[in-house]
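Shown next, in structure tokens, is the structure this report addresses.
Just so it is clear: chains get the letters A, B, ... in the order the sequence lines come, proteins before strands, and each one is counted from 1.
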Number of protein chains: 2
Amino acid sequence: MLTRSEEDHLKAVFALLQDGESAFTKDIAARLSTKASSVTDMLKKLAEKGFLKHEPYYGAKLTAKGTAHALTLVRKHRLWETFLVERLSFGWDEVHEVAEQLEHISSPKLVDRLDDYLGNPRFDPHGDPIPDRQGKLRVRKTKRLDTCTTGDTVRIAAVSETTDGLLRLLDSKGLRIGSVLTVQELHAFDGSMDVKPKSGAAFSLSKDVSHHLQVESN
Amino acid sequence: MLTRSEEDHLKAVFALLQDGESAFTKDIAARLSTKASSVTDMLKKLAEKGFLKHEPYYGAKLTAKGTAHALTLVRKHRLWETFLVERLSFGWDEVHEVAEQLEHISSPKLVDRLDDYLGNPRFDPHGDPIPDRQGKLRVRKTKRLDTCTTGDTVRIAAVSETTDGLLRLLDSKGLRIGSVLTVQELHAFDGSMDVKPKSGAAFSLSKDVSHHLQVESN
DNA sequence: AAAATAAATTAGGTGAGCCTAATAAACGAT
DNA sequence: ATCGTTTATTAGGCTCACCTAATTTATTTT
Ligand SMILES: [Mn+2]
Ligand SMILES: [Mn+2]
Ligand SMILES: [Mn+2]
Ligand SMILES: [Mn+2]
């Protein structure tokens with residue numbers, strides 16, 4: 001049985017490994033708003049318990065056991081977010097904090113029943129894939145909107161980095177998961193991009209925004 | 001903000017005060033499977049924070065603030081139990097443990113949305129009243145089945161003490177909240193009682209069981 | 001290659017929440 | 001009124017999850 005703090009560290013390592021090769025102490029600390037020395041303590045403990053390998057000064061990698069447990073956390077987090085949005089009418093910018101608590105509720109029966117109750121959703125409100133009962137995570141090949149070029153027509157698949165501010169900005173522009181956009185112009189000066197939604201007038205997106213939108217070809 | 005442990009202590013005091021005048025250290029300890037010395041520590045802390053008055057050697061009483069917070073916990077606990085049974089098809093003997101965790105999730109919006117989603121239920125799966133948004137607890141006047149006499153016809157209103165074993169025993173006899181029974185005979189020897197359900201054959205209930213059934217006149 | 005910088009670890013300390021053992025208070029029975 | 005029992009509190013110690021400050025290791029710059 002892992003504590004809430006151990007689970008949050010494990011999840012941070014998992015998230016950082018999604019792209020990079022290793023998860024580094026300072027990045028874990030930043031993600032959890034804690035200090036590097038605290039992270040070192042925790043990495044030692046998690047390594048002792050067999051959830052990860054800690055190579056001092058060279059970061060951490062998950063073991064199979066660690067990956068499996070991290071996937072149950074991700075599954076719970078995303079299922080709860082889906083419940084909050086689909087059933088309790090929360091906004092997609094209001095769920096992260098609560099799901100951060102709910103993901104630590106320990107009851108395998110609860111998770112699986114919730115999954116069925118929601119109709120075994122494949123993606124959470126932010127477009128992120130939900131691991132299935134066996135912990136299998138279906139990864140889609142998407143690209144970032146800021147890597148697209150003029151004329152591309154794409155569909156928004158996911159928002160990476162679900163900070164409330166970004167989500168509310170998207171709301172205000174009428175953008176959501178599934179929205180279809182055509183890139184009209186790129187501005188080298190500030191990296192901003194003019195896009196045109198399927199219906200409605202074109203508008204501009206800053207690099208900060210387009211960088212965090214995962215899109216797929218339409 | 002109270003910790004999970006503080007909240008559990010507060011809830012124990014609240015539960016013990018329902019009948020008695022004061023909540024005593026040893027009873028709180030028994031209820032939480034902890035030691036009296038740990039409870040003393042916690043009572044001091046909760047008293048300092050203004051949730052209760054601790055009269056050393058004479059137990060604890062809740063302040064208005066303490067009662068209000070305890071009621072939010074009871075509300076959350078019972079709403080989650082209702083959700084688990086009504087929406088996720090849990091048995092009434094399977095929900096206590098999980099609700100014990102869920103009651104500590106901190107999000108006023110979540111509780112109230114859940115309440116609405118469930119249709120503002122007045123009672124939980126065990127027949128216990130659910131405090132409303134304002135913390136008002138509607139108490140019914142019920143009597144224990146073991147205080148009834150021959151010929152009484154009553155409806156089961158609630159099960160006090162929701163231990164899994166008792167609940168499963170009731171399941172096996174086809175008894176649930178709302179079941180109507182007529183008392184046929186009392187056996188002084190062991191305190192057992194013969195009862196006849198509305199439809200079906202009469203059967204016997206031990207004192208251990210009848211003592212924990214709250215009933216109301218039909 | 002040495003020096004400067006960045007990152008990580010270690011050392012040592014704190015408070016929360018538990019424990020056991022020792023002590024003190026309350027209370028029922030003689 | 002005192003004794004013995006029950007109950008509660010205090011004293012002291014442990015682990016966990018943090019922290020700051022000091023030190024060590026790795027990396028980048030000169
Ligand atoms: Mn979390
Ligand atoms: Mn999400
Ligand atoms: Mn609880
Ligand atoms: Mn209940």
Side-chain angles (χ1 to χ4, degrees), chain A residues 1-17 19-62 66 69-70 73 100-101 103-104 106, chain B residues 1-17 19-62 66 69-70 73 100-101 103-104 106:
Chain A
M1 192 48 26
L2 297 183
T3 65
R4 176 170 177 175
S5 179
E6 289 171 329
E7 289 191 333
D8 281 336
H9 280 77
L10 195 62
K11 205 158 61 93
V13 172
F14 178 83
L16 289 166
L17 288 175
D19 354 69
E21 274 289 288
S22 265
F24 295 105
T25 304
K26 79 167 166 44
D27 298 319
I28 301 168
R31 194 168 263 265
L32 299 177
S33 305
T34 182
K35 302 293 167 167
S37 54
S38 306
V39 172
T40 301
D41 287 351
M42 206 50 108
L43 290 181
K44 269 187 204 159
K45 187 154 50 127
L46 287 170
E48 252 163 39
K49 294 189 176 184
F51 289 91
L52 52 79
K53 295 268 183 250
H54 182 216
E55 195 81 47
Y57 295 101
Y58 293 94
K61 291 192 211 303
L62 294 178
H69 194 93
L73 292 169
E100 204 55 53
Q101 298 179 57
E103 71 191 356
H104 303 289
S106 164
Chain B
M1 193 45 29
L2 296 184
T3 65
R4 174 169 178 177
S5 180
E6 288 171 330
E7 288 190 333
D8 282 335
H9 280 77
L10 195 62
K11 204 157 61 94
V13 172
F14 178 83
L16 288 166
L17 287 176
D19 356 66
E21 273 289 288
S22 265
F24 294 104
T25 305
K26 80 166 165 46
D27 299 318
I28 301 168
R31 196 168 260 265
L32 300 178
S33 305
T34 183
K35 302 294 164 160
S37 54
S38 307
V39 172
T40 301
D41 287 351
M42 206 49 108
L43 290 180
K44 268 188 207 158
K45 186 154 48 128
L46 287 170
E48 252 163 39
K49 293 190 177 183
F51 289 91
L52 51 80
K53 294 270 184 250
H54 182 214
E55 195 82 47
Y57 295 101
Y58 293 94
K61 290 192 210 306
L62 294 178
H69 194 93
L73 292 169
E100 204 53 55
Q101 297 179 57
E103 70 191 357
H104 304 290
S106 164

Quiz item: Is there side-chain contact between Gln101(A) and Arg4(A), with at least one heavy-atom pair below 4.5 Å?
Solution: yes
Exercise. Rounded to the nearest angstrom, tell me the gap between atom CE in Met42(B) and atom C1' in dG15(C).
Key: 12 Å
Practice problem: Send over the distance from Met1(B) CE to dG15(C) P, rounded to a whole Å. | Solution: 21 Å
Practice problem: Quickly work out the Leu43(A) CG to dC18(D) P distance and round it to whole Å. | Solution: 12 Å
Quiz item: dC18(C) C1' sits how many Å from Asp8(B) CG, rounded?
Solution: 14 Å
Practice problem: Name the nucleic acid region contacted by Ser5(A), choosing base, sugar-phosphate or nothing; use a 4.0 angstrom heavy-atom cut-off, strictly under. | Solution: sugar-phosphate
Practice problem: Starting at atom CD1 of Ile28(A), determine the distance to atom C1' of dC18(D), rounded to an integer number of angstrom. | Solution: 16 Å
Quiz item: What's the NZ-P distance between Lys44(A) and dT15(D), to the nearest Å?
Solution: 16 Å
Quiz item: Whole-Å distance between dT20(D) P and Asp41(A) CG?
Solution: 13 Å
Quiz item: Is there side-chain contact between His9(A) and Leu43(A), with at least one heavy-atom pair below 4.5 Å?
Solution: no
Exercise. Give the nucleotide from the list dT10(D), dC18(D), dC19(D) with an atom nearest to the side chain of His9(A).
Key: dC18(D)
Quiz item: Can you name the salt bridge (charged side-chain N to carboxylate O under 4.0 Å, His left out) partners of Lys53(A), sequence neighbours left out?
Solution: none
Quiz item: Under 4.0 Å between a side-chain N/O of Ser37(A) and OP1 or OP2 of dT9(C), yes or no?
Solution: no
Practice problem: Nearest whole angstrom, please: distance from the P of dA21(D) to the NZ of Lys35(A). | Solution: 10 Å
Exercise. Look at the side-chain N and O atoms of Thr34(B) and state whether any lies under 4.0 Å from the OP1 or OP2 oxygen of dC19(C).
Key: yes
Quiz item: Does any pair with a residue in residues 28-51 of chain B pass ring pair (Phe, Tyr, Trp, His ring centres under 6.0 Å), and if so which ones, sequence neighbours excluded?
Solution: Phe51(B)-His69(B)
Show me, pair by pair, the donor-acceptor contacts under 3.5 angstrom made by side chains of residues 28-36 of chain B, not counting sequence neighbours?
none

Between the protein and nucleotides 4-8 of chain D, list every N/O to N/O distance that falls short of 3.5 Å.
| residue | atom | partner | partner atom | Å |
| --- | --- | --- | --- | --- |
| dA8(D) | OP1 | Thr25(B) | N | 3.2 |
| dA8(D) | OP2 | Lys26(B) | N | 2.6 |
| dA8(D) | O3' | Tyr57(B) | N | 3.4 |

Self-check item: Any residue meeting side-chain contact (heavy atoms from CB on, under 4.5 Å) with Glu103(B), in chain and number order, not counting sequence neighbours
Solution: Asp8(B), Lys11(B), Lys76(B), His77(B), Glu100(B)
Quiz item: How would you list, by chain and number, every residue that makes a side-chain contact (heavy atoms from CB on, under 4.5 Å) with Leu62(B), sequence neighbours excluded?
Solution: Leu10(B), Val13(B), Phe14(B), Leu17(B), Leu52(B), Thr67(B), Ala70(B)
